[in-house]
Amino acid sequence: MGQIQITLPDGSQRAYEAGVTSLEVAQSISEGLMRNVLAAKVDGEIWDATRPLKADCQLQLLTWNDANGQMAFWHSSAHLMAEAIEALYPGAKFAIGPPIENGFYYDIDFGDRSFSSDDLPKIEKKMKELAKQKNAYERIEMPKSEAVAYFEEKGDPYKLELLEDLADGSITFYKQGAFTDLCRGPHIPHTGFIKSVKLLNVAGAYWRGDENRQQLTRIYGITFPKEKELKEYLERLEEAKKRDHRKIGKEMELFTFSEKVGKGLPLWLPKGAVLRERLTEFMRKAQVRANYEPVVSPHIGGKELYVTSGHYAKYGEDSFQPINTPEEGEEFLLKPMNCPHHCEMYKAKPHSYKELPIRFAEFGTVYRYEQSGELHGLTRVRGFTQDDAHIFCRPDQVKEEFIAVIDLVMYVFETLGFHDYTAQISLRDPKKPEKYIGTDENWERAEAAIQEASAEKGLKTVVEYGEAAFYGPKLDFMVRDAIGRKWQLGTIQVDYSLPERFELEYVGSDNQKHRPVMIHRAPFGSLERFIAILIENTAGKFPLWLAPEQFAILPISDKYNDYAKEILSELKVEDIRGYLDDRSEKIGKKIRDAEIALVPYMLIIGEKEAEAGTISIRKKGEGDLGTKTVEEFIAFFKAIVKEELGTQKV
RNA sequence: GCCGAUGUAGCUCAGGGGUAGAGCGCUUCCUUGGUAAGGAAGAGGUCGUGGGUUCAAUUCCCAUCGUUGGCUCCA
């Protein structure tokens, strides 16, 4: 064997015997490094650190600090869990077990045995036991026939099905201890790296994501190289749960649900209604500046409206059932979208090209029969209000309009402190054309328009195929909630289809009839989901302009209640929201309660203030700010709100 | 819709085959206190709902509804 040249990330080159492993290279640098190497990046490919290097290459050693190192670690952990499960539940059949963003899972067929979260601790225990054995993850290349024979013998239909899609010559197995699995790898050197294990939950999952196929038991887990890291991770999870909008919404009395009203139908309590009103007002003003015109449409529409729009054919059966009139035999549907109504408004009169774009905006409440298992707090409901608008424009205006909408969405996100979002361009799934309505040509034009506009605004985007709406491609602004789930908030969608279906027209400069293009857009998406995410982002500590209770007046004793009432009415006249705490409690107690209720300003009133005609200001979380007159406080307060809302230019 | 979990006072939760408990909140009384919990007394629950087993069910079993972790879906 000859010498090979290995180039490290810092550019330095070292010579080794051909066949050296990455682990040995690490060892030659330092023992400590070797103990931390989980995998290696060899000429851009992720390899096992124990795999021999046979030719000159670029080598990067991957540790826990590298995302690819973590992936190998969790992937190996999934195999370790499978080994433990095979030992404890002989005959269990294994489907797939990949690493995920936080940890890993394995989908398992336990046959007739029922499996619950009570079974997890003993699997964890077994995993730790097996980890201590420091069994090496051994890579085995195998011809397809042999691989098929192995799983036929073992009786695992899932692995056999996976093998069908793999080409002979590319098949590898990994073996650690008593467990052997079909796997592309890479894996960590041995199980001893896995020091702490937590199996998080059990869930059902369909084989290959197909609800018509076998349902498997999915076990989620996470592992770390140090016990301390697991502890910190679990603490972070606990912290995140405290921000959950369902918990805060209940505590702050923002919204509630009622079985009698129906699941997925939120009831906005007074304090939550304030939030909605403030946000609605904020958006209304922004839209006035952006030349939108408010319109209003009813909550139901005739069946024909949705037959025309295509919604009926696509979703009629899954929707809330139609409302019928017994005398006339008419049929109405709860509106699942506002666009058909807006199309009819466009058609109320003929339009000249000079009028376009026309922008109809409506806070429209829509109803969609979401699957019961999918309902979730305010983020997934069956009745919700969109900050919807439809822009009817000429084809040559699409890009310009699209850019203006991106500006609006970014202004809204900026003002509300949403910095952590992903802009996702959702395009057609080229393999399933039957899922979509509209011509290929229109789809291609719309997809190009979105990509060009996003590029011009310098948005960092990710492209997802198959995520488009059935009527057109879209640009979605995605954010994460407290427990890490991704939700769509703002959305901008180009639609060449509805104008066609509703036969929308305008008269061009050539005096001929032309078809306008529609852009659907909703910067919040829905008020419900937006508020849910806002609650989680702020943990209930809303900016002053949004806080349901902006101040609490706290008299030192009952003697000052009358003076407190005067202050209260002076502030209410100024449209400042708050309440008077006139309980016979000590000031410490009143302050504590107001702090817990997340009231931004506490106005403390005692003998000194009553005599001087002032109020003492305390800011939540910060403490005493000194005394001011009511007039001074009002000016101070309004200056803060103005600052928060910014210059309001769009 | 599917798999798993769960449902006890307004809230957070404990309990468990012999018809229920804590803390907070609430009510009343005492206290009138200067920047994160003053004291005492009291009210409040057919233990989600419907069946079944049992002498006896809130507790065990079944069904159903809600909530919930995932999966599928998502105009």
Side-chain angles (χ1 to χ4, degrees), chain A residues 105 107 110 114-120 200-220 244 246-247 250-251 253 256-264 306 309-316 318-319 333 335-340 366-377 380 382 386 388 437 467-472 474 483 485 487-488 491 493 495 497-498 520 554-561 583-597 602-609 616-626:
Chain A
Y105 67 80
D107 284 348
F110 284 99
S114 85
F115 190 91
S116 83
S117 48
D118 298 337
D119 297 295
L120 298 179
L200 297 161
N201 49 43
V202 187
Y206 301 104
W207 170 232
R208 302 209 135 173
D210 184 342
E211 62 182 321
N212 298 314
R213 304 198 65 180
Q214 177 73 30
Q215 184 154 35
L216 306 165
T217 302
R218 175 171 297 180
I219 303 177
Y220 285 89
D244 193 309
R246 294 168 296 183
K247 178 178 153 63
K250 189 180 252 180
E251 285 167 356
E253 297 176 11
T256 189
F257 290 89
S258 144
E259 274 188 46
K260 281 205 178 112
V261 172
K263 57 186 169 184
Y306 302 104
S309 71
H311 294 117
Y312 191 81
K314 195 85 188 164
Y315 294 100
D318 301 328
S319 284
L333 268 69
K335 70 174 169 185
M337 295 189 86
N338 302 301
C339 33
V366 297
Y367 299 89
R368 299 176 184 176
Y369 191 76
E370 305 291 3
Q371 289 189 35
S372 60
E374 191 56 39
L375 300 174
H376 179 89
R380 189 67 162 188
R382 285 179 168 172
Q386 299 177 309
D388 208 359
I437 58 178
E467 292 292 313
F470 72 89
Y471 53 76
K474 52 185 186 168
I483 47 180
R485 276 189 284 217
W487 296 100
Q488 174 207 308
T491 180
Q493 316 183 353
D495 186 351
S497 164
L498 276 187
H520 311 243
L554 313 179
I556 302 273
S557 93
D558 295 350
K559 288 184 223 159
Y560 315 108
N561 282 353
R583 295 173 301 168
S584 296
E585 290 289 351
K586 287 178 137 179
I587 192 65
K589 170 69 169 165
K590 293 186 186 182
I591 288 171
R592 179 180 156 81
D593 288 347
E595 289 274 354
I596 290 170
M602 286 153 270
L603 312 179
I604 295 166
I605 285 168
E607 187 178 0
K608 283 181 285 182
E609 291 79 7
S616 182
I617 319 289
R618 179 189 163 99
K619 188 174 181 189
K620 175 181 66 63
E622 291 183 22
D624 198 350
L625 299 185

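These numbers were taken from a predicted model, which means no experiment stands behind them. So you know, we letter chains A, B, ... as the sequences are listed, proteins then strands, and number each from 1.
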- Could you encode protein contacts along nucleotides 60-70 of chain B as a string, one character per nucleotide from 5' to 3', using B for base contact, S for sugar-phosphate-only contact and - for no contact, with a heavy-atom cut-off of under 4.0 Å? -----SSSSBB

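Pairing for B/rA14 is absent, with no Watson-Crick or G-U wobble pair whose two atom distances lie under 3.5 Å. B/rU67 is paired with B/rA5 under the Watson-Crick or G-U wobble criterion, all donor-acceptor distances under 3.5 Å. Under the Watson-Crick or G-U wobble criterion, with both distances below 3.5 Å, B/rU35 is left unpaired in every strand shown. Under the Watson-Crick and G-U wobble criteria, each requiring two contacts below 3.5 Å, nucleotide B/rG42 is paired to B/rC26. B/rA56 is unpaired under the Watson-Crick or G-U wobble criterion, no partner having all donor-acceptor distances under 3.5 Å.
The listed nucleotides are B/rU32, B/rU12, B/rU35; the one nearest the side chain of A/Lys250 is B/rU12. Checked against B/rA75, B/rG33, B/rG1, the side chain of A/Arg368 finds its nearest nucleotide in B/rA75. In this structure, of B/rU32, B/rG4, B/rA75, it is B/rU32 that holds the atom nearest to the side chain of A/Asp558.
Interatomic distance, A/Glu370 CD to A/Ser319 OG, rounded to the nearest 0.5 Å: 9.5 Å. For the atom pair A/Glu585 CD and A/Asp558 CG, the distance stands at 10.0 Å (nearest 0.5 Å).
Atom C1' of nucleotide B/rC26 and atom CZ of A/Arg583 are separated by 11 Å, given to the nearest angstrom. Note: OH (A/Tyr471) to P (B/rA75) measures 7 Å, nearest angstrom. At whole-Å resolution of the value, CD in A/Gln493 and P in B/rC74 are 14 Å apart.
For the C1' atoms, the distance linking B/rC47 with B/rA9 amounts to 10 Å, nearest Å. Rounded to the nearest Å, the gap between the C1' atom of B/rU54 and that of B/rU64 is 23 Å. Taking atom P on both B/rC61 and B/rG17, the two are 12 Å apart, rounded to the nearest angstrom. Atom name C1', nucleotides B/rU46 and B/rA57: the rounded distance is 13 Å, in whole Å. A distance of about 30 Å separates the C1' atoms of B/rU8 and B/rG1, rounded to the whole Å.
Residue order along RNA chain B, read from the 5' end via each residue's closest nucleotide, puts A/Gly623 first among A/Lys474 and A/Gly623. Where A/Cys339 and A/Ser117 meet RNA chain B, the nucleotide closest to each residue was compared, and A/Ser117 sits on the side nearer the 5' end.
Annotation: cation-pi pair A/Arg382/A/Tyr367 absent, no NZ/CZ under 6.0 Å from the ring centroid and within 45° of its normal.
Taking the six-membered ring where the residue is Trp, A/Tyr471 and A/His311 present perpendicular rings, their angle passing 60° and hence far from 30°.
Nucleic acid contact class of A/Ser616 (heavy atoms, under 4.0 Å, all strands): base. Across all strands shown, A/Glu467 has no heavy atoms under 4.0 Å from either base or sugar-phosphate atoms. Heavy atoms of A/Ser309 sit nowhere under 4.0 angstrom from any nucleic acid atom. Using a 4.0 Å heavy-atom distance criterion, A/Tyr105 is classed as making no nucleic acid contact.
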Restricting to nitrogen or oxygen on both sides, can you table the protein-nucleotides 36-40 of chain B pairs closer than 3.5 Å?
from: B/rA36; atom 1: N7; to: A/Arg618; atom 2: NH2; distance (Å): 3.4
from: B/rA36; atom 1: N6; to: A/Glu595; atom 2: OE1; distance (Å): 3.1
from: B/rA37; atom 1: N9; to: A/Arg592; atom 2: NE; distance (Å): 3.4
from: B/rA37; atom 1: N7; to: A/Arg592; atom 2: NE; distance (Å): 3.3
from: B/rA37; atom 1: N7; to: A/Arg592; atom 2: NH1; distance (Å): 3.3
from: B/rA37; atom 1: N7; to: A/Arg592; atom 2: NH2; distance (Å): 3.3
from: B/rA37; atom 1: N6; to: A/Arg592; atom 2: NH2; distance (Å): 2.4
from: B/rA37; atom 1: N1; to: A/Arg592; atom 2: NH2; distance (Å): 3.0

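If you check distances only, the side chain of A/Glu607 never reaches the base of B/rG33 with a donor-acceptor pair under 3.5 Å.
Ion pairing between a basic and an acidic side chain is recognised when a charged N comes within 4.0 Å of a carboxylate O; A/Asp244 and A/Arg246 show such pairing.
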